[in-house]
Number of protein chains: 2
Amino acid sequence: MQANLQQDEPRSPRYYRIYQAMLSDIQQGSLKPGDVLPSEMHIAQSYGVAPGTARKAIDMLVDRGWVERQHGKGTFVRRADFSHSLARFFRLTDREGVQLHPKSELLDIRVVPGTTDICHHLDLPDDSELIQIERVRRVDEMPLLHEVIYLSRTRFQSLLNLPPDAWGDLLYPLYEQVCGEVVFRATDTLSVGPVPESPAHHLDLPPGVQVIEIARLARGYDERPLEWRLSRGRLDWFHYSFDIR
Amino acid sequence: MQANLQQDEPRSPRYYRIYQAMLSDIQQGSLKPGDVLPSEMHIAQSYGVAPGTARKAIDMLVDRGWVERQHGKGTFVRRADFSHSLARFFRLTDREGVQLHPKSELLDIRVVPGTTDICHHLDLPDDSELIQIERVRRVDEMPLLHEVIYLSRTRFQSLLNLPPDAWGDLLYPLYEQVCGEVVFRATDTLSVGPVPESPAHHLDLPPGVQVIEIARLARGYDERPLEWRLSRGRLDWFHYSFDIR
DNA sequence: GATATCAACTCATATATAAGACTATAAGTA
DNA sequence: TACTTATAGTCTTATATATGAGTTGATATC
């Protein structure tokens, strides 16, 4: 798991080199989500540094969202949670303020030849075969979002053999259980454009009206792109807040 | 500036109480943007703690954006910079990739009776008088954004006497120089809606078409609301990206 | 006068150590 | 059995100290 510190880089602080070494352990998969790290004392001893130095390296991993500390128990590789990601865009609470979880309906799954730009997003050769998944997300039977999802066929092959009742509301846990691919972070890009006919139909909208477009590129622990998706939703439900300083 | 630590709260760490004390100095204005903090050694001595404890308190201020360290010089109260805030929403680079800065045209400034919701945003009594400013932001003469800005009349009175040529492209430096009010952070809320007639005219759009709406609440160092503004812009130029994990 | 050196101050990195607080398990007791 | 207590392991807070590195201004030298 750990090795002695290389002194290849001329002068970077010890805590930074330890941070890089532990990050590499996580990215290469020798430490998986949920795994416990060695204790701070063990880390310090195995790298031959003082406890404070090891702790500062762990601080960096915590700040960047790679691991979580639990007082009295240990430090664990963090599993990202995207289960509330739609709540950023839509008011998903009932009259009592309780969180509502959108339901998912699988419309279609098939293998398609990848377009140039999607393959480019996914770091794949231009003509790679992709798995295309079409879904509708609903709250109280009201259609909220139409999603088209693209995955590398070679990495997600086993999704194709999945029985229909195995598809839950969330995809990322499925990716992990069925394909062993774990999403660590994602980049969402918002824009607005006219809705094509098929999404319009599932959203109960006339084709061509403006909808919010949420393009997402999801990446694994090794930063490699795993999934690209385009979600479209009604504008009148949409809002998004964020702080700047 | 500093005082001995109160032990009012039964058990919070020393570094946290020092953080709170220094934050209070900033929020109350005894430390202003650009001011240098006492050195880490001085802070440690004046609070009677070890240097590492004082440094951890400063770490918290740095992490939260209140101060900035400069190696060899000191630690300074940070001045927030909103001059590139539009670049988050629109591609503001020319063909060589150089940043373009939108120009501002002042359309109107007047005193208006505040509506209930705007006064509520600004933490003012329901019928307070407000200063209303109307502007257009342009890039290469192309209208990008129409802004309506609301300020408390009592706090921003001196803006009313400002000669037209004193208005630059950026408002926040003006607020500071003319009114002594400094913006520290802001919350932007994105939505989409139909454009009223007056903004439509200045954006070269037919009234009623959908536009991006950016509602901003800007706050000072003491967290009190200073400004509420509603900006509207063409949808076809708009996009916004962010990371989630 | 122009340049180089030094000294004092700053933050940055690192060590070694101690005691507190939280968790889980094992051992003891009623 | 059910409850309490001890213990070992973990992260957390805190001290005291030393050395490195960047900045600035004063001083010395050419």
Side-chain angles (χ1 to χ4, degrees), chain A residues 1-2 4-23 25-26 31 34-78, chain B residues 1-2 4-23 25-26 31 34-78:
Chain A
M1 201 79 73
Q2 287 110 24
N4 286 340
L5 292 180
Q6 314 291 340
Q7 49 231 8
D8 36 23
E9 301 180 25
R11 228 36 249 97
S12 70
R14 295 188 187 180
Y15 72 84
Y16 187 75
R17 299 221 294 276
I18 296 173
Y19 155 73
Q20 285 181 312
M22 291 194 292
L23 176 55
D25 288 341
I26 296 172
L31 284 172
D35 284 357
V36 62
L37 267 60
S39 78
E40 298 184 348
M41 284 302 292
H42 279 104
I43 292 173
Q45 282 167 11
S46 71
Y47 285 107
V49 299
T53 305
R55 186 171 168 83
K56 185 155 182 175
I58 301 170
D59 281 340
M60 292 189 66
L61 292 172
V62 172
D63 291 344
R64 287 159 178 70
W66 295 101
V67 303
E68 277 174 335
R69 289 202 177 95
Q70 286 181 245
H71 189 174
K73 300 180 70 174
T75 305
F76 301 83
V77 179
R78 182 169 161 264
Chain B
M1 199 81 75
Q2 286 110 26
N4 286 340
L5 292 180
Q6 315 291 342
Q7 48 231 10
D8 35 24
E9 300 180 27
R11 229 30 263 89
S12 69
R14 295 189 187 181
Y15 72 84
Y16 187 75
R17 299 221 294 275
I18 296 173
Y19 156 73
Q20 285 181 314
M22 291 194 292
L23 176 55
D25 288 341
I26 296 172
L31 284 171
D35 284 357
V36 63
L37 268 59
S39 77
E40 299 183 348
M41 284 302 291
H42 278 104
I43 291 174
Q45 281 166 14
S46 72
Y47 285 106
V49 299
T53 305
R55 189 171 167 81
K56 184 155 182 177
I58 301 170
D59 280 341
M60 291 189 67
L61 293 172
V62 172
D63 291 343
R64 287 158 178 70
W66 294 101
V67 303
E68 278 173 335
R69 288 202 177 95
Q70 287 181 244
H71 190 173
K73 300 181 71 174
T75 305
F76 302 83
V77 179
R78 183 169 161 263

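We name chains A, B, ... by the order of the sequence lines, and we start the count at 1 in each one. Only this structure's heavy atoms are used, side chains among them; waters, hydrogens and symmetry mates stay out.
Distance check: Met60(B) CE to Leu23(B) CG gives 9.0 Å after rounding to the nearest 0.5 Å. With rounding to the nearest 0.5 Å, the separation of CG in Leu61(A) from CD in Gln20(A) is 10.5 Å. Here the straight-line distance linking atom OG1 of Thr75(B) with atom CG of Asp35(B) works out to 12.5 Å at 0.5 Å rounding.
Under 4.0 angstrom from either OP1 or OP2 of dG9(D) there lies no side-chain N or O belonging to Ser39(A). Considering only side-chain N and O atoms, Thr75(A) lies under 4.0 angstrom from the phosphate OP1 or OP2 of dC11(D). Side-chain nitrogen and oxygen atoms of Tyr15(B) include at least one within less than 4.0 Å of the OP1 or OP2 phosphate oxygen of dT13(D). An OP1 or OP2 oxygen of dG9(D) is reached within less than 4.0 angstrom by no side-chain nitrogen or oxygen of Lys73(A). Contact annotation: Thr53(B) side-chain N/O to dT13(D) OP1/OP2 distance is not under 4.0 Å.
The stretch residues 58-71 of chain B touches DNA chain C through Arg69(B), Gln70(B), His71(B), each having a heavy atom under 4.0 angstrom from the strand.
Not counting sequence neighbours, the partners of Gln70(B) by the side-chain contact (heavy atoms from CB on, under 4.5 Å) test are Lys73(B), Phe76(B). Under the side-chain hydrogen bond (donor to acceptor under 3.5 Å, both in side chains) criterion, Asp59(B) pairs with Arg69(B), sequence neighbours left out. Residues that satisfy the ring-ring contact (aromatic ring centres under 6.0 Å, His included) test with Tyr15(B), not counting sequence neighbours, are absent from this structure.
Distance NZ (Lys56(B)) to P (dC11(D)): 14 Å, rounded to an integer number of Å. Atom C1' of nucleotide dT12(D) and atom CZ of Arg55(B) are separated by 19 Å, given to the nearest angstrom. Spacing between atom CD of Gln45(B) and atom P of dT17(D) amounts to 12 Å, rounded to whole angstrom units.
Each of Gly72(A) and Met41(A) was assigned the nucleotide of DNA chain C with the nearest heavy atom; the assignment lying further toward the 5' end belongs to Met41(A).
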Dot-bracket for DNA chain D, 5' to 3', Watson-Crick and G-U pairs with both distances under 3.5 Å, [ ] for crossing pairs, | for partner on another strand, reads ||||||||||||||||||||||||||||||

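Here salt bridge (charged side-chain N to carboxylate O under 4.0 Å, His left out) pairs that include residues 43-52 of chain B, with residues two or more places apart or in two chains, number zero. Sorted by first and then second residue, the salt bridge (charged side-chain N to carboxylate O under 4.0 Å, His left out) pairs with a member in residues 42-56 of chain B read Glu40(B)-Arg55(B); sequence neighbours excluded.
Residues Ile18(B) and Ala57(B) share a closest heavy-atom pair of CG2-CB, 3.7 Å.
The footprint of chain B on DNA chain C, defined by a heavy-atom cutoff below 4.0 Å, extends from dT10(C) to dT13(C).
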| field | Audit row: Leu31(B), Val67(B), side chain to side chain contact (heavy atoms under 4.5 Å, CB included) steps and yes/no | value | CA-CA 10 Å; Leu31(B) 284 171; Val67(B) 303; over 6 Å; no

>> For Met22(A) and Ile43(A): C-alpha separation, side-chain torsions, deciding distance, then whether side chain to side chain contact (heavy atoms under 4.5 Å, CB included) applies.
In response: CA-CA 10 Å; Met22(A) 291 194 292; Ile43(A) 292 173; 3.8 Å; yes

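Across all strands, Glu40(B) comes closer than 4.0 Å only to sugar-phosphate atoms, never to a base (heavy-atom distances).
Of the candidate nucleotides dT10(D), dT15(D), dT17(D), dT17(D) has the atom nearest to the side chain of Pro51(B).
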